[in-house]
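A short worksheet on the structure shown next.
Because the structure is predicted, anything quoted here is derived from the model rather than measured.
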Amino acid sequence: MASIVRLHVDHPLAEGQTVPVDGGQAHYLFGVMRLGLEAEVRLFNGRDGEWAARVTQAGRKRGELTCVAQSAPQLDPPDVWLLFAPIKKARTDFIVEKATELGVARICPILTDYTNAERVRVDRLQAHAIEAAEQCGGTYVPEVCKPVKLSRLIDGWDRGRMILHCDEETAGSGMTPGLEQFSPGEPWAVLIGPEGGFSPAERRRLDTELRGTVLRYSLGPRILRADTAAVAALTLWQATLGDWQ
């Protein structure tokens, strides 16, 4: 039995609600997937949960779907952001996809002293986040923010949001305090550096200007690649303070 197509739409969803589709979505549904009238589709918009819908109009360039019943409630992630320095294209795509699957509220590319990557296309990364949510059964799509310099981020940081600073200098240190000392439900951000790590000036600013807000954290005895570190850190945070309880 073929799996049911899931589609993210920017449209309200409710029983009996009709949802127009055109352009790329119409081509995907009726050209690529070859869905016909009465075919079932699952829809979500990031706000109203997942809805079972039927194809009520199908054409090469446009069509219409009608919501029948809610198939899953809205599930928002905990208030955790991923701050990461962009790396090579395919690996940056991987980070965005896995962060969406693991459950984050926001994805923020940051430009550090040692960031070495191509120009960041936010629209393309946002599309990857949508595709990841469609494929993993999620009902929430995290916003991918415009890239911002780490120095500027530090300048305007809200001290009410803790930062889990995954610094390669702590690898094998055995000094990391456990996340268990904190309470679930508080806002956090996970900070992952570039392939070259953080510069001494960046470490100094994080440790001094955001003292009490930054938790330097070791991800074990080995230095991880940036994309691996992002997955490992989010997994540890979710298992300890997130919604994997």
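Contact check for L83 versus V190: no side-chain heavy atoms found under the 4.5 Å cut-off. The shortest distance between side-chain heavy atoms of F44 and V141 falls below 4.5 Å. Residues W51 and V19 have side chains not in contact (no heavy-atom distance under 4.5 Å, counting atoms from C-beta outward). Looking at heavy atoms from C-beta onward, P73 lies out of side-chain contact with L75 at the 4.5 angstrom threshold.
When the side chains of ILVMFWY residues are joined at heavy-atom separations under 4.5 Å, either directly or via intervening members, V96 and L111 end up in two distinct hydrophobic clusters. Under the 4.5 Å side-chain heavy-atom criterion for ILVMFWY residues, a single connected hydrophobic cluster contains both V32 and L43.
Between the CD1 atom in I110 and the CZ atom in R152 there is a gap of 14.0 Å [rounded to 0.5 Å].
Evaluated for a side-chain contact (heavy atoms from CB on, under 4.5 Å) with V144, the options V120, T100, L82, V122 yield exactly one hit, V122. Partner F94 forms a side-chain contact (heavy atoms from CB on, under 4.5 Å) with one of I87, T228, V231 and no other, that one being V231.
Between the Q57 side chain and the G63 main chain, no donor and acceptor come within less than 3.5 Å of each other. Under the 3.5 Å distance criterion, the side-chain polar atoms of R62 are left unmatched by any main-chain donor or acceptor of P20. With hydrogens and angles ignored, the 3.5 Å screen pairs a side-chain donor or acceptor of Q238 with a backbone N or O of L102. In this structure, E38 contributes its side chain and R54 its backbone to no donor-acceptor pair below 3.5 Å. Between the side chain of R159 and the backbone N or O of R211 there is at least one donor-acceptor pair closer than 3.5 Å. In terms of modelled atom types and a separation under 3.5 Å, the side chain of E134 and the main chain of H8 share a donor-acceptor contact. Counting only distance, with no hydrogens or angles, the side chain of Q126 and the backbone of E143 share no donor-acceptor pair below 3.5 Å. For T66 (side chain) and T18 (main-chain N/O), no donor-acceptor pair under 3.5 Å exists by modelled atom type.
The pair K98-D227 does not meet the salt-bridge criterion, since no charged nitrogen lies less than 4.0 angstrom from a carboxylate oxygen. Look at D113 and R203 and you find no salt bridge, because none of the NZ, NE, NH1 or NH2 atoms lies under 4.0 Å from a carboxylate O.
Heavy-atom neighbours of D123 CG from other residues, nucleotides or ligands within 6.0 Å: above the threshold of 12. The neighbour count for R161 CZ, taken as heavy atoms of other residues, nucleotides or ligands under 6.0 Å away, is above 12. Heavy-atom neighbours of H27 NE2 from other residues, nucleotides or ligands within 6.0 Å: at or below the threshold of 12.
Under the 3.5 Å distance criterion, with hydrogens and angles disregarded, a donor-acceptor pair is assigned to the side chains of E97 and H128. No donor-acceptor contact under 3.5 angstrom links the side chains of E50 and T139, judged on distance only.
L241 and S183 make their closest contact through CD2-C, 4.0 Å (heavy atoms, listed as atom of the first residue, atom of the second, distance).
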